[in-house]
Protein chains: 2
Amino acid sequence: MSDRVRAANKNAEKALRADGRRNRERILAAAEELIASDGAQASLEAIARNAGVGSATLHRHFASRGALLEAVFRDGVAQLCARAADNPGTDPGAELAAWLEELTVYAATHRGLAAALLAAPDVVPEQVCCTAMVREALDGLVARAAAAGALNTGVSTGDLLLLANAIGVATEADPATAVRLLRLAMAGMGRPRRGP
Amino acid sequence: MSDRVRAANKNAEKALRADGRRNRERILAAAEELIASDGAQASLEAIARNAGVGSATLHRHFASRGALLEAVFRDGVAQLCARAADNPGTDPGAELAAWLEELTVYAATHRGLAAALLAAPDVVPEQVCCTAMVREALDGLVARAAAAGALNTGVSTGDLLLLANAIGVATEADPATAVRLLRLAMAGMGRPRRGP
DNA sequence: ACCTGAACACCGTTCAAGT
DNA sequence: ACCTGAACACCGTTCAAGT
């Protein structure tokens, strides 16, 4: 999986001439910065301007806003997802909860990511996309948690993904609130907690 | 409260000349339609065009996109909030849950509302705004539920508002999913439910 | 192969000029 | 008092012309 991601990045970088590759990096750096400050709706024109390239060059490298967002977040999301498989622990429920918090914090601290994940997948078949990576990582954790009886009946991977993204969008740039809200939703808001 | 709302609308309508009032209604009708189909980011230009007025006229009536969204949703939200006070029931926890579901469904079926509620309040002092109405209505329900011990410790009105809006944004135009997600979050996702 | 500058259609905002 | 048309600065997308 992480191999697939690395291969996809190699493809995007290797097939370019030296100047093309340099421009691509500049665009990504500018995009990262502007998305951090302006959110997912950051102006593509401004990104191209900051990168010192024409707007047509940006569109040549990234056919759509979604493609650019994917490229900006792919590495970070891949690392996050790799961590989901690392834990060989003994408490699947706690591991699921901990990883969901990581995902939510990551979404809340990377403006535009949650919005991108929420958007219709828009997946070119065979393409490695953030949504697919996250879903795959989460699927494993959910399966183990469910097998251990640590998950409420009727809760699916899609539910948890939707919840984490919803909270990520709603609390963008406020990770503390994001985590608090996620924990409350996991534990339940409608009745007093029992025990420690 | 509902009086304040009615007064605010009277103010906005009464002080206008006949043609101004007619244009205002046309703009609101066009806005309702386009926001329903395009979401909260609907083009103001297109709204003015559909209403048959110049774009400057739209800006004269509604100084900002937020002001227009407020006007579009104010009546519906006021009715929703009025219903929060109607119930003299005996199960505050259930009443809170039921009203939160109503709010979430309303948000999910009125594209743009949740996004508008999530946006920074941006409240002109003394102005009746949707956020304030909802918060006031919810405050009452929360207080009664908390007094009855039906609410998880540490859950505030703001938490529930944020959660409902987050789910509303994430599931826009899919009220069934919105309700399912809200119920799961209220009951808790992280452990099996007990009893009926 | 990759880039640029320019063109196109659109947008939100503002203002002078109308009635 | 309220409206309009026009102007301004911006945007995303596309394309012919360059190297």
Side-chain angles (χ1 to χ4, degrees), chain A residues 9-31 33-35 37-72 111-112 115-116 119-120 122 124, chain B residues 9-31 33-35 37-72 111-112 115-116 119-120 122 124:
Chain A
N9 277 336
K10 278 276 162 52
N11 274 343
E13 290 165 5
K14 205 66 166 286
L16 288 178
R17 233 167 47 181
D19 53 346
R21 196 190 137 99
R22 194 179 53 234
N23 278 342
R24 187 175 189 277
E25 289 308 317
R26 282 182 184 166
I27 292 169
L28 281 177
E33 192 170 345
L34 273 180
I35 289 170
S37 69
D38 297 357
Q41 304 297 332
S43 155
L44 299 183
E45 195 98 3
I47 291 171
R49 219 161 31 227
N50 280 18
V53 305
S55 63
T57 300
L58 185 148
H59 278 88
R60 158 172 291 269
H61 282 286
F62 305 100
S64 67
R65 163 171 259 116
L68 178 58
L69 290 171
E70 277 281 335
V72 167
R111 303 193 56 179
D122 200 17
V124 179
Chain B
N9 277 333
K10 278 278 161 53
N11 274 344
E13 292 165 2
K14 206 66 168 286
L16 289 177
R17 232 168 47 181
D19 53 347
R21 197 191 136 100
R22 194 177 54 232
N23 278 341
R24 188 174 188 276
E25 289 308 316
R26 282 182 184 164
I27 292 169
L28 282 176
E33 192 171 347
L34 273 180
I35 289 170
S37 69
D38 297 356
Q41 305 297 334
S43 156
L44 299 183
E45 196 97 5
I47 291 172
R49 221 162 28 230
N50 280 17
V53 305
S55 62
T57 300
L58 185 148
H59 278 87
R60 158 173 290 269
H61 282 286
F62 304 100
S64 67
R65 164 171 258 113
L68 178 58
L69 290 171
E70 277 280 337
V72 167
R111 303 194 56 180
D122 199 16
V124 178

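First the proteins, then the strands, lettered A, B, ... as listed; each starts at 1. Bear in mind the structure is a predicted one, so any value in this text is a computation, not a measurement. Only this structure's heavy atoms are used, side chains among them; waters, hydrogens and symmetry mates stay out.
When distances run from any side-chain atom of B:Ser55 to the nucleotides C:dT13, D:dG12, D:dC3, the shortest one goes to C:dT13.
Within the structure, every side-chain polar atom (N or O) of A:His61 is placed at least 4.0 Å from both OP1 and OP2 of C:dC2. An OP1 or OP2 oxygen of D:dC3 is reached within less than 4.0 angstrom by a side-chain nitrogen or oxygen of B:Asn23. Residue B:Thr57 places at least one side-chain N or O under 4.0 Å from the OP1 or OP2 atom of D:dT4.
Atom CD1 of A:Ile47 and atom P of D:dT13 are 12 Å apart (whole Å). One atom, CG of B:Asp38, and another, C1' of C:dC10, lie 14 Å apart when rounded to the nearest Å. A straight line from CZ of B:Arg26 to C1' of D:dC2 spans 14 Å, rounded to a whole angstrom. Whole-Å rounding puts the B:Leu58 CG to C:dT14 P distance at 13 Å. For B:Arg60 and C:dA16, the CZ to P distance is 14 Å, given to the nearest whole Å. With rounding to whole Å, B:His59 atom NE2 is found 15 Å from D:dA6 atom C1'. Remark: P of D:dG12 and CZ of A:Arg49 are 9 Å apart, rounded to the nearest angstrom.
Listed by first residue number, the stems of DNA chain D with at least three Watson-Crick or G-U pairs below 3.5 Å are C:4-8 with D:12-16, C:12-16 with D:4-8.
Residues A:Asn50 and A:Glu33 have side chains not in contact (no heavy-atom distance under 4.5 Å, counting atoms from C-beta outward).
The 5' end of DNA chain C is approached more closely, in terms of each residue's nearest nucleotide, by A:Val53 than by the other of A:Val53 and A:Glu45. Of the two residues contacting DNA chain D, namely A:Ala56 and A:Ala46, the nearest-nucleotide position lying further toward the 5' end is that of A:Ala46.
A:Arg26 meets the salt bridge (Lys or Arg N to Asp or Glu O under 4.0 Å) test with no other residue; sequence neighbours excluded.
Paired with A:Ile47 under the rule side-chain contact (heavy atoms from CB on, under 4.5 Å), one option of A:Leu28, A:Leu68, A:Val72 passes, and it is A:Leu68.
Residue contacts shown for B:Ser43 are limited to sugar-phosphate atoms, with no base heavy atom under 4.0 Å away.
For the atom pair A:Arg60 CZ and A:Arg24 CZ, the distance stands at 13.5 Å (nearest 0.5 Å).
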